[in-house]
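Heads up, the thing below is written out as structure tokens.
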Amino acid sequence: MPTADELISPDSVRRLAAVLQETSPGNSDWQRVAGSQSALGTLGLSERARTVGDAVLADCDGDYEKLAHAVRKALIRPDLTGWMIWPVTEAVATAATESGADRHFDDGLHLLAQLTPRLTGEFALRTFLNADLERTLATARTWTDSPDPAVRRLASEGTRPRLPWARQVPELNRRPKATVPLLDRLRTDSSQVVRRSVANHLNDISRLDAGLAAEVAARWMHNPVSTTPALVRHAMRTLVKKGEPAALELVGFHGSRDDLEVVGPLAEETEISMGGTLVFSARVTNASDQPVSLAIDYVIHHMKANGKQAPKVFKLAKRGLAPGESAELTRSHSFRPISTRVYYPGAHAVQLQVNGHQFDKVDFRLVEAEEAS
């Protein structure tokens, strides 16, 4: 993954200033934009976008019409593209929503749709959503009919409740159902990129309202096209990992706790040194008289800094078992240091989770290397 400095870099800011200077001379020769590169320092990506966006806005004296005119003139240049677009969209969104003129709000959304094929306008759309949710969603609905897949994607991606790197839209968290009509219109889109956004959006909704997300996915599965099952599988991934029965059923897993006999997990060792590996085995048997389809996961209960355990679910296997059939499972789980997780010594546990049902825990200890026996 490129760093923030590689994406919105001093060089990209210089190139943005050069494009604006060549297409719209004046506006203080866009000196604030050119000079904003020196303020980037160690800023993160979104902070860089807003810093440069503020400079774009300042060079236009905060005047939306002056800014929109300059941006549209710059759009004739194919080199107005890539990550330099994000600051431009931020400036457009701020000017359009703060001008107080209805015509500027609507034109700003239109300009955002013109800019989004050059990178994306999804982050700046949050400013519009926070300013007037209903009006912005109404415009996004028109984007779902656009011939450009980048604009159609903007309708879904920009309105996601939990869009990464983006500012929050509290009203979307309170009203996750508000964006469902957009997803209904885009779920069968011809573009895989658009459908991926729809799936990620519904997955966001599932974190806010599991029942709503499962209900929407079930409705789509009642009237599917060839791409629907894959979309629903991706959209339901969080609920499947949590073991939500409705989500598991939607993606094809069936088999209740009463259908299963589970032995294990059986750990080879009950004391693991930091950086070492937990090795365990288990057996899952279909004790019913009907075939079952199983999502088999395992849960590691990690010791945290506060002395309490916190569970983390990991994928283990997918199995279809005939009546009386068993699945023998073995897994090695590493405790070597990684950047995304800190391990603490002390009591841990591992257990199996099958179709969302958790079985007996087995305790083990994670110890400092010099303490290992």
Side-chain angles (χ1 to χ4, degrees), residues 1-24 27 30 33-34 36-37 40 45-57 59-60 64-97 104 106-129 136 139-140 142-160 163-167 186 189 191-194 196-197:
M1 178 69 182
T3 65
D5 191 50
E6 292 170 327
L7 296 175
I8 301 180
S9 64
D11 180 61
S12 70
V13 175
R14 284 191 292 269
R15 287 186 284 112
L16 172 61
V19 169
L20 293 170
Q21 287 167 356
E22 291 174 23
T23 55
S24 293
N27 291 25
W30 302 95
V33 176
S36 66
Q37 61 184 292
L40 299 181
L45 190 57
S46 59
E47 290 85 359
R48 286 167 178 258
R50 288 166 196 150
T51 297
V52 180
D54 287 345
V56 173
L57 195 57
D59 276 330
C60 293
Y64 175 76
E65 292 189 358
K66 185 186 292 186
L67 171 63
H69 180 72
V71 171
R72 286 192 166 101
K73 288 187 68 176
L75 275 168
I76 66 171
R77 291 277 296 265
D79 54 343
L80 182 72
T81 189
W83 288 93
M84 69 172 70
I85 293 295
W86 188 352
V88 176
T89 62
E90 293 287 349
V92 167
T94 299
T97 56
H104 291 163
D106 294 334
D107 188 71
L109 286 169
H110 180 65
L111 185 50
L112 207 62
Q114 290 179 280
L115 286 163
T116 205
R118 305 290 182 99
L119 175 72
T120 180
E122 66 200 60
F123 307 115
L125 187 62
R126 318 297 276 192
T127 299
F128 288 97
L129 289 164
T136 304
T139 297
T142 69
W143 292 340
T144 65
D145 293 323
S146 171
D148 190 331
V151 177
R152 300 197 303 274
R153 177 185 178 275
L154 179 61
S156 169
E157 195 72 7
T159 59
R160 282 178 58 181
L163 179 65
W165 295 347
R167 61 176 63 86
L186 293 170
D189 197 274
S191 167
Q192 192 272 340
V193 172
V194 175
R196 184 81 169 183
S197 175

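For this chain, numbers begin at 1 and follow the sequence in order. All values derive from a computational prediction rather than experimental measurement.
Comment: E22 engages R77 in a salt bridge, judged by a side-chain N to carboxylate O separation of less than 4.0 angstrom. Using a 4.0 Å cut-off between charged nitrogen and carboxylate oxygen, R160 and E157 count as a salt-bridge pair.
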- Message: Let's go through T139 and F128 carefully: what are the C-alpha distance in whole Å and the side-chain angles of both, what is the deciding distance for side-chain contact (heavy atoms from CB on, under 4.5 Å) to 0.1 Å, and is it a yes or a no?
- Response: CA-CA 11 Å; T139 297; F128 288 97; over 6 Å; no

- Message: Set out, in order, the CA-CA distance, both residues' side-chain angles and the distance that settles side-chain contact (heavy atoms from CB on, under 4.5 Å) for L119 and T81, then state yes or no.
- Response: CA-CA 6 Å; L119 175 72; T81 189; over 6 Å; no

- Candidate pair W143 and D148, rule side-chain contact (heavy atoms from CB on, under 4.5 Å), full reasoning: CA-CA 9 Å; W143 292 340; D148 190 331; over 6 Å; no

- Message: Using the rule given for side chain to side chain donor-acceptor pair (under 3.5 Å), can you reason through T127 versus R167, listing the C-alpha separation, both sets of side-chain angles and the distance that settles it, and then say yes or no?
- Response: CA-CA 8 Å; T127 299; R167 61 176 63 86; 3.0 Å; yes

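A donor-acceptor contact shorter than 3.5 Å is absent between the side chain of S24 and the backbone of L20. Judged purely by atom type and a 3.5 angstrom limit, T120 has no side-chain atom pairing as donor or acceptor with the backbone of T116.
With rounding to the nearest 0.5 Å, the separation of CG in L16 from CG in L80 is 7.0 Å. Annotation: the span from T89 atom OG1 to Q114 atom CD amounts to 13.5 Å, rounded to 0.5 Å. Expressed to the nearest 0.5 Å, how far CD of E47 lies from CD1 of I8 amounts to 10.0 Å.
Residue T159 comes nearest to S156 through the heavy atom pair OG1-O, 3.1 Å, listed as atom of the first residue, atom of the second, then distance. Between R153 and V193, the closest heavy-atom pair is CD-CG1, 3.6 Å. A55 and S36 make their closest contact through CB-CB, 3.8 Å (heavy atoms, listed as atom of the first residue, atom of the second, distance). A113 and V151 get closest at one heavy-atom pair: O-CG2, 3.6 Å. The shortest non-hydrogen separation linking G53 to A91 is O-CB, 3.5 Å. Annotation for G158 and L129: closest pair O-CD1, 3.4 Å, computed over non-hydrogen atoms.
The shortest side-chain heavy-atom distance between V52 and L40 falls under the 4.5 Å cut-off. Side-chain contact between L154 and E122: present, with at least one pair of heavy atoms (C-beta onward) separated by less than 4.5 Å. Using a 4.5 Å heavy-atom threshold, the side chains of S197 and D189 count as separate. Between R15 and D79 there is no side-chain heavy-atom pair separated by less than 4.5 Å. Side chains of R50 and T94 form no contact here, defined as non-hydrogen atoms less than 4.5 Å apart. In this structure the side chain of R152 never reaches within 4.5 angstrom of the side chain of T144, judged on heavy atoms.
A parallel orientation is assigned to the rings of F123 and W86, their planes being inclined by less than 30° (bins at 30° and 60°). The aromatic rings of Y64 and H104 sit tilted relative to each other, their planes meeting at an angle between 30° and 60°.
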